[in-house]
Protein chains: 2
Amino acid sequence: MKVFVIGIGLIGGSFALDLKSVLKKVEVFGIDRSEDHLDKALELGLIDHKANFEDLDKADLVYLAIPVDSSLEVLPKVLDQVNDNCVVTDAGSTKEHLCRGIADHPKRRNFLAGHPISGTEFSGPTAAIHGLFRNKTNIICEVEKTAFKLQERALEIFQAIGMRIRYMDPVSHDRHIAYVSHLSHISSFMLGKTVLEKEKNERDIFDLAGSGFESTVRLAKSSPAMWTPIFSLNKKNVMETLDEYISNLKHFRKLMEEDNFEEVFSEMERTNHIREVLNGINQNDEFKIVENGK
Amino acid sequence: MKVFVIGIGLIGGSFALDLKSVLKKVEVFGIDRSEDHLDKALELGLIDHKANFEDLDKADLVYLAIPVDSSLEVLPKVLDQVNDNCVVTDAGSTKEHLCRGIADHPKRRNFLAGHPISGTEFSGPTAAIHGLFRNKTNIICEVEKTAFKLQERALEIFQAIGMRIRYMDPVSHDRHIAYVSHLSHISSFMLGKTVLEKEKNERDIFDLAGSGFESTVRLAKSSPAMWTPIFSLNKKNVMETLDEYISNLKHFRKLMEEDNFEEVFSEMERTNHIREVLNGINQNDEFKIVENGK
């Protein structure tokens, strides 16, 4: 199988690594704006060959793992190039604009819209790791618009590398993911900003920050090049989550101001329920593994 | 050495465990409002005996690890009971009120105010773990007010269990820690609240939440019984950090509203600097270990 990975960073590179471990015969071709990334990807064995858009007619599978605004431009061009029997899938964190953008493309049936809920705060080909997708959800949008045989090929690969599949329409995807992923990034970035602005003496951050701060601020290490277009393309939903988050913070502040610490306690106690929800995620993982017979 | 741990939960229990591994001859006595916790602590080997306040005259060291509002009441009573050669230290996350409360106590010189920057989101004696304090900072306040020989005894133990020592006055402590620890907890609790309120279908949280959300919301599992009095006693500082956090979030929202994504990018890029700061923490750890000759 000839696989073309467009954008050979954390996600594209990890996908290539996993493919090589589950497929008997696979040749991975890398396409990237950055020649340095391509060289690094070759050196690390993520890809077997550098390639160009003109080579895409040879592809059996194309994996698009670039910032979401670039995908809007690149996906139609990719579809123009691929052959009728190639499946193109992607890893973008917003789906509505992308699906709408190629709705009328003559090769719409060659595209399967995906969003793997996986990643780290790092980026670039050196951040690629084996097993990044294991027990993670891949959200598939508008599955009915993809040719059945091509769906099947992509889904078999996703399952082989350990992903669970969840189907969703693009509008719901973008609304839900704004809460569960995009908002976390803003809360973390703004926490980092608040502390950096205040603590001019970084020794104080060094010495006083515990694992709690490190955990809460981890996402503030994420790539602005990846996240800016996500916030831009999902603007309406993200602003709604921000409004609710700010309103909850203001309410908490008001309770403190009024010395209503009984209610401060209750707010936190109710939110402790997140424990069971997150445990649920893990239980769910275990259940899914059994279900897949692994 | 006879050590009395008052509050045999995550912090007190972990301290007892570590003491037992570094001191040749130590007897640990537990005092706790909860008989269940004491029984569990005995069963887990965290303590050797249950005890009462009347037994405190036998103590060589008392470790106070209870919610900060309870410490305000309990510390003077402990000082009333202990002998002249006993050092009393604590683990509370706010220091100004506590130090002020015992400023004129006849046994002020027996107290060393401490705050170990360590913990997890769990609580109770079953949450106690070995090595919780290794490479963590213990902030010591008003060291000059503690009798030299008693300082020495406590500090030797802190260093033996792997802690770095940092000295600070209580007012600065409470102001800095509001940014680096207390605010993280509120940002996390309110993130959890916002998502739980919106995502009525918890399956959606299960399936869509990645490790990013889990990391950012981790502190929302923390104990309201511990955190409510912290917010109450550090109200002024915490409200100030909340105001700045909310103002930063509003500014981010305004940039989004105005489609000023260039500046959204710059905001995130500047905050990426937190990477180096957090790496600094780790480098600092390594340096400290060498310095201690370990």
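A, B, ... follow the sequence lines: proteins, then strands. Residue 1 opens every chain.
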Region of [X] in contact with chain B, defined by heavy-atom distances below 4.5 Å:
{"X": "A/Ser118", "value": "neither"}
{"X": "A/Leu196", "value": "side chain"}
{"X": "A/Glu269", "value": "both"}
{"X": "A/Ser232", "value": "both"}
{"X": "A/Arg253", "value": "both"}
{"X": "A/Lys221", "value": "both"}

Look up atom [atom1] in [X] and atom [atom2] in [Y], then write down how far apart they are to the nearest 0.5 Å.
{"X": "B/Leu191", "Y": "A/Thr271", "atom1": "CG", "atom2": "OG1", "value": "10.0 Å"}
{"X": "B/Leu183", "Y": "A/Thr216", "atom1": "CG", "atom2": "OG1", "value": "9.0 Å"}
{"X": "B/Ile139", "Y": "A/Leu208", "atom1": "CD1", "atom2": "CG", "value": "4.5 Å"}
{"X": "A/Met268", "Y": "B/Trp227", "atom1": "CE", "atom2": "CH2", "value": "9.0 Å"}

(request) Search all heavy atoms of B/Thr137 against all heavy atoms of A/Asp207 and return the closest pair with its distance. (result) OG1-O, 2.9 Å
(message) Quick check: closest heavy atoms across B/Ala209 and A/Ile117, and the distance to 0.1 Å?
(response) C-CG2, 3.8 Å
Any donor and acceptor pair, going by atom type alone, linking the side chain of [X] with main-chain N or O of [Y] inside 3.5 Å?
{"X": "B/Thr228", "Y": "A/Phe261", "value": "no"}
{"X": "B/Lys193", "Y": "A/Asn248", "value": "no"}
{"X": "B/Asn272", "Y": "A/Ala220", "value": "yes"}

Please look at [X] and chain A and tell me whether the side chain, the backbone, both or neither of the residue comes under 4.5 angstrom of a heavy atom of that chain.
{"X": "B/Glu240", "result": "side chain"}
{"X": "B/Leu242", "result": "side chain"}
{"X": "B/Lys236", "result": "neither"}
{"X": "B/Ser222", "result": "backbone"}

(message) According to side chain to side chain donor-acceptor pair (under 3.5 Å), who are the partners of B/His251, at least two apart in sequence or on a separate chain?
(response) none
Counting heavy-atom pairs under 4.5 Å with chain B, which one of [options] comes out on top?
{"options": "A/His115, A/Glu197, A/Arg270", "result": "A/Glu197"}
{"options": "A/Ser187, A/Gly210, A/Gly192, A/Gly119", "result": "A/Ser187"}
{"options": "A/Val264, A/Thr241, A/Leu219", "result": "A/Leu219"}
{"options": "A/His185, A/Met239, A/Glu244", "result": "A/Met239"}

Determine the option with the most heavy-atom pairs under 4.5 angstrom with chain A, choosing from [options].
{"options": "B/Asp259, B/Asp243, B/Thr120", "answer": "B/Asp243"}
{"options": "B/Pro116, B/Ser181, B/Ala225", "answer": "B/Ala225"}
{"options": "B/Met190, B/Glu262, B/Glu121", "answer": "B/Met190"}

(message) Suppose we screen for ring-ring contact (aromatic ring centres under 6.0 Å, His included). Which residues come up paired with B/Phe189, at least two apart in sequence or across chains?
(response) none
(message) Applying ring-ring contact (aromatic ring centres under 6.0 Å, His included), can you list everything that pairs with A/Tyr245, at least two apart in sequence or on another chain?
(response) none
(message) Strictly less than 4.5 Å between heavy atoms, which residues of residues 170-179 of chain A line up against chain B? Please order them by number.
(response) A/His176, A/Ile177, A/Tyr179
(message) Less than 4.0 angstrom from a charged side-chain N to a carboxylate O is my criterion; do A/Arg218 and B/Glu214 meet it?
(response) no
(request) Flag yes if more than 12 heavy atoms outside B/Lys235 fall under 6.0 Å of its NZ atom; otherwise flag no. (result) yes
